[in-house]
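Structure first, then comments.
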2 protein chains.
Amino acid sequence: MTEHDAPHATPRLETFEEIATRYPGLDPEALHVWVVMRKAQTRLDLAVDAHLARHGLSFGRYLVLVHLIRAEGHSLNPAAIADLCGSTRATITGVVDTLEKAGFVEREEDPADRRSLQVRLTLTGRRFLEKMLPDHFDRLMKVMSEFTPAELKTLEKLSQKLAAGAAALERP
Amino acid sequence: MTEHDAPHATPRLETFEEIATRYPGLDPEALHVWVVMRKAQTRLDLAVDAHLARHGLSFGRYLVLVHLIRAEGHSLNPAAIADLCGSTRATITGVVDTLEKAGFVEREEDPADRRSLQVRLTLTGRRFLEKMLPDHFDRLMKVMSEFTPAELKTLEKLSQKLAAGAAALERP
DNA sequence: GGGTGGTAATCAGGCCCCTAATTAGCTGCA
DNA sequence: TGCAGCTAATTAGGGGCCTGATTACCACCC
């Protein structure tokens, strides 16, 4: 009746595993490590999001705040923030809206160019960061304390190879 | 005038880096590796999403299709799919809606329990996977070919430690 | 047999981030 | 001068995934 009632009639690939085993260039060990690695990354991502959410932050909001506190005068324009965060100006507009409502940043007109503006961390925002960052660092250090110094070096090297390999996903 | 005009008047923590260096438990090397690692993960995530998007898939849709093709009878109920994908039933409802519109899956009533249903991969869906998976595997292998067999083993081990460490982010 | 509690999927509404279109202002050149 | 083309930020609208409420149904137990 349906195709899979007669699997022997045609040499059809029936499952993911069959396709995998028949794919000539495939290294099962490499595929296994890929899956383990991606699962770990997903779990870490979720944990980071949940951790930041406890402080009322999304990752995007957190990143903007950190770039602002690092910046000269705790102040940047939206375009610069977008570049530093690797996101778009439109996204930054929304994130800054939220942070402004929370009182953590404020927008100031740029007298030299009326198209432009500066986003400045407020005192409230700075105090908030000073309060949340120790917990943040504490948790990061607890994650990283799984690794010996030698493993840290290895992790860094492998991360760089991974970033290089990501380019292979982006090609034609 | 504003607080930061008089940085010497109060021993205030002014920047992320200052907070970091003053934080007693902080290992700068570990923090550096954390940042390198997270950037690599972000880049990989974006690359995977872009690669799947070229096939018209989100990661969620891809995952549902893969679990279906692996399943007995290419068929699962939404609750099982949600468990396998690590997402909620409500999310699966939406993903299955999209896949159904594309003709890749169909819903069938479960005669034994009228609350329940089966989501089945259609022939169209299976053919689609058979066509896209070789490209998918090809790209994954290109990513993983950055690593020697020994490095793969190390990567697996470090990934597992990372997943274990993620728990440290989740605690009180 | 009829209510009570549990479970299946779905709906309603929200958050985050994206792209494309829009508005406003700058700049350089005929 | 005035206009063409660029650039800044925003708005409009959409996609993906979430939580919490809702609807329909099963199953147990009195």
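In what follows, every chain begins at residue 1, and chains take the letters A, B, ... in the order their sequences are listed.
- Atom CZ of A:R61 and atom P of C:dC15 are 9 Å apart (whole Å).
- Contact annotation for B:A90: base contact, defined as any heavy-atom pair under 4.0 Å involving a base atom.
- B:V36 and A:V66 fall into different hydrophobic clusters, where Ile, Leu, Val, Met, Phe, Trp and Tyr side chains are chained together by heavy-atom contacts under 4.5 Å.
- One atom, CD1 of B:I81, and another, P of C:dA9, lie 9 Å apart when rounded to the nearest Å.
- A:Y62 has its OH atom 14 Å from the P atom of C:dC17, to the nearest Å.
- Counting any heavy atom pair closer than 4.0 Å across all strands shown, A:S87 reaches sugar-phosphate atoms only and no base atom.
- Relative to the side chain of A:T91, the nucleotides C:dC18, C:dC16, C:dT10 differ in distance, and C:dC18 lies closest.
- Residue B:T93 places at least one side-chain N or O closer than 4.0 Å to OP1 or OP2 of C:dT10.
- The side chain of A:T88 contributes an N or O atom lying less than 4.0 Å from OP1 or OP2 of C:dC18.
- If you take CD of A:E109 and C1' of D:dT10, they are 15 Å apart, rounded to a whole angstrom.
- Across all strands shown, A:N77 has heavy atoms under 4.0 Å from sugar-phosphate atoms exclusively, and none from any base.
- Side-chain N or O atoms of B:S75 include none that pairs as donor or acceptor with a backbone N or O of B:A71 at under 3.5 Å.
- Dashed line: the shortest gap from a side-chain N or O of A:R115 to OP1 or OP2 of D:dA9 is not under 4.0 Å.
- Across all strands shown, A:L117 has heavy atoms under 4.0 Å from sugar-phosphate atoms exclusively, and none from any base.
- One finds no salt bridge joining B:D83 and B:R89 here, because no Lys/Arg side-chain nitrogen approaches an Asp/Glu carboxylate oxygen to under 4.0 Å.
- The hydrophobic cluster containing B:L140 does not contain B:L46, counting ILVMFWY residues as joined when their side-chain heavy atoms lie under 4.5 angstrom apart, directly or transitively.
- Of the charged side-chain nitrogens involved, at least one lies within less than 4.0 Å of a carboxylate oxygen, so that B:D97 and B:R107 count as a salt-bridged pair.
- Between B:R89 and D:dT22, a side-chain N or O to OP1/OP2 separation shorter than 4.0 Å is absent.
- Listed candidates were C:dA9, D:dC17, C:dC16. Nearest to the side chain of B:V95 is D:dC17.
- Atom C1' of nucleotide D:dA9 and atom CD of A:E100 are separated by 13 Å, given to the nearest angstrom.
- Phosphate proximity of C:dA9 to B:S116: present, with a side-chain N or O under 4.0 Å from OP1 or OP2.
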